[in-house]
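Everything numeric here is computed off the predicted structure, so don't read it as measured data.
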Amino acid sequence: MRFLITAGPTREPIDPVRYISNRSSGKMGYAIAQAALEAGYDVVLISGPVNLDPPPGAQFISVLTSDEMYDAVHQHVRDCDVLVMCAAVADYKPQNVSATKIKKRDAPLTLELVPTRDILASLPKQDRSAKGRICRGEQSLVVGFAAETNDVETNAAKKLRTKNCDIIVANDVSSVDSGMESDENEVTVLVRNGGIKKISRAPKKIIARELVKIFSDLRENCLTKKM
């Protein structure tokens with residue numbers, strides 16, 4: 001089974017020395033990549049800038065911006081069985097990037113931001129004609145992540161309905177000791193067929209192993225049904 005995993009943040013340049021980014025450490029995505037390797041699966045890891053070493057055995061692709069992440073995913077997605085979109089891709093980027101450093105002035109500075117390209121929404125549309133359908137033949141299982149600060153399950157369920165996903169992994173990032181930058185996490189897994197599974201707070205490496213089992217079991221079930 002072939003996993004394609006994205007991890008970490010993206011950086012959207014303002015000028016040569018400044019950028020827009022977020023607090024993602026990449027730890028969850030890297031832990032999932034390591035767990036998939038330990039389970040014997042092939043892994044391609046597409047990562048934004050983080051302070052982590054790539055897991056040995058993974059095919060590693062380093063990116064910086066949301067556009068680079070978009071291109072890398074589209075280059076590799078058709079060769080994977082499970083796509084895990086764990087990266088915290090920036091939602092917005094500056095409309096214009098200054099070629100030189102913007103000098104400080106005694107006046108307000110306004111940046112015009114535009115939406116980045118939505119990677120999940122850009123994937124080939126899947127057949128949703130059968131209610132709650134998970135198995136889609138040759139196409140990969142698509143897993144999205146939802147980092148929320150309020151109404152976690154409600155917002156994640158909305159993302160599951162509107163995005164091109166089979167599974168959403170939701171986590172509350174409002175806590176200082178769980179989620180972003182932390183070594184621990186707690187998540188809720190929502191499946192398109194209506195299933196919900198909560199994974200209690202634990203080290204991200206432990207959660208990653210359970211997530212990989214959930215993803216691989218669902219994909220394996222699809223392949224078995226096809227046969």
Side-chain angles (χ1 to χ4, degrees), residues 1-8 24 26-47 54-55 57-61 69 72-73 76-89 119-120 123-124 126-128 132-148 152-153 156-157 159-161 163-171 179 184-227:
M1 194 175 295
R2 299 160 299 181
F3 275 67
L4 175 59
I5 301 167
T6 68
S24 173
K27 291 178 180 178
M28 192 73 252
Y30 275 58
I32 293 172
Q34 182 64 52
L37 288 164
E38 290 173 355
Y41 302 131
D42 295 329
V43 172
V44 176
L45 175 61
I46 303 172
S47 176
Q59 179 182 344
F60 182 72
I61 300 168
M69 181 82 72
V73 169
H76 293 276
V77 68
R78 295 191 184 277
D79 298 323
C80 77
D81 299 301
V82 181
L83 170 62
V84 182
M85 291 291 297
C86 192
V89 180
I119 300 175
L120 281 173
L123 298 175
Q126 313 296 357
D127 179 11
R128 302 303 186 196
R133 184 174 181 177
I134 295 287
C135 301
R136 301 171 301 183
E138 299 294 338
Q139 293 168 322
S140 57
L141 187 79
V142 178
V143 181
F145 274 66
E148 303 291 347
V152 176
E153 282 192 36
K159 187 171 184 178
L160 182 63
R161 291 193 303 270
K163 298 287 187 177
N164 200 24
C165 296
D166 301 299
I167 302 171
I168 287 288
V169 180
N171 64 311
E184 296 188 337
N185 208 355
E186 55 183 309
V187 301
T188 302
V189 181
L190 293 84
V191 185
R192 180 167 287 279
N193 64 10
I196 297 179
K197 179 178 176 61
K198 293 182 181 292
I199 303 177
S200 300
R201 181 173 172 177
K204 287 181 176 178
K205 291 180 180 180
I206 301 299
I207 290 179
R209 294 185 188 121
E210 191 159 352
L211 289 176
V212 166
K213 187 175 188 311
I214 292 171
F215 304 157
S216 58
D217 284 351
L218 279 172
R219 182 57 181 157
E220 202 66 55
N221 288 341
C222 291
L223 294 174
T224 302
K225 288 180 181 180
K226 187 186 173 192
M227 294 172 63

Rounded to the nearest 0.5 angstrom, the NZ-CZ distance for K159 and F145 is 9.5 Å
Can you find a heavy atom in the side chain of V212 that is under 4.5 Å from one in the side chain of Y41?
-> yes
Query raised in the report: Within a strict 4.5 Å, meaning less than it, do heavy atoms of the I214 and V191 side chains meet?
Result: no
Heavy-atom nearest pair, I207 first then A202, reads CD1-O, 3.7 Å
Closest non-hydrogen contact found for I168 with A146 is CG2-CB, 3.9 Å
d(E220 CD, M1 CE) to nearest 0.5 Å is 4.0 Å
Between L120 and C165 the two heavy atoms that sit nearest each other are CD1-SG, 3.6 Å
Nearest heavy-atom contact between C80 and L4 is CB-CB, 3.8 Å
Worksheet item: Do F3 and L37 come close enough that some side-chain heavy atom pair is under 4.5 Å?
Response: no
Minimal heavy-atom distance between A36 and V43, with the atoms involved, is CB-CG2, 3.6 Å
Check your understanding: Does R201 reach the main-chain N or O of E184 with its side chain, forming a donor-acceptor pair under 3.5 Å?
Key -> no
### Query
Taking C-beta and beyond as the side chain, do L218 and I167 meet within less than 4.5 Å on heavy atoms?
yes
Under a 3.5 Å distance rule, please check whether K198 uses its side chain to pair with a backbone N or O of E186 as donor and acceptor.
no
Indicate yes or no: at least one non-hydrogen side-chain atom of V152 is less than 4.5 angstrom from one of T188. no
Value for CG (D42) from CG (D81), rounded to nearest 0.5 Å, stands at 9.0 Å
Rounded to the nearest 0.5 Å, the CG atom of D166 sits from the CZ atom of F215 at a distance of 11.0 Å
Scanning both residues in full, the closest heavy-atom pair of A31 with K204 reads CB-O, 3.8 Å
Result for side chain to side chain contact (heavy atoms under 4.5 Å, CB included) between T6 and one of V73, I61, I32 points to V73
Value for CD (E210) from NZ (K197), rounded to nearest 0.5 Å, stands at 4.5 Å
message = Using side-chain heavy atoms (C-beta onward) and a distance below 4.5 Å, is S140 in contact with V142?
response = yes
In this structure, CG of L211 is separated from CE of M28 (nearest 0.5 Å) by 5.5 Å
Applying side-chain contact (heavy atoms from CB on, under 4.5 Å) to A7 and not counting sequence neighbours gives Y30, L45
State, yes or no, whether a side-chain contact exists between E38 and Q34 at a heavy-atom distance under 4.5 Å. yes
query = For V44 and R2, what are the C-alpha separation, side-chain angles and deciding distance, and is it a side-chain contact (heavy atoms from CB on, under 4.5 Å)?
reply = CA-CA 8 Å; V44 176; R2 299 160 299 181; over 6 Å; no
Query - Test item: E153 and I196 side chains (from C-beta on) under 4.5 Å apart, heavy atoms - result: yes
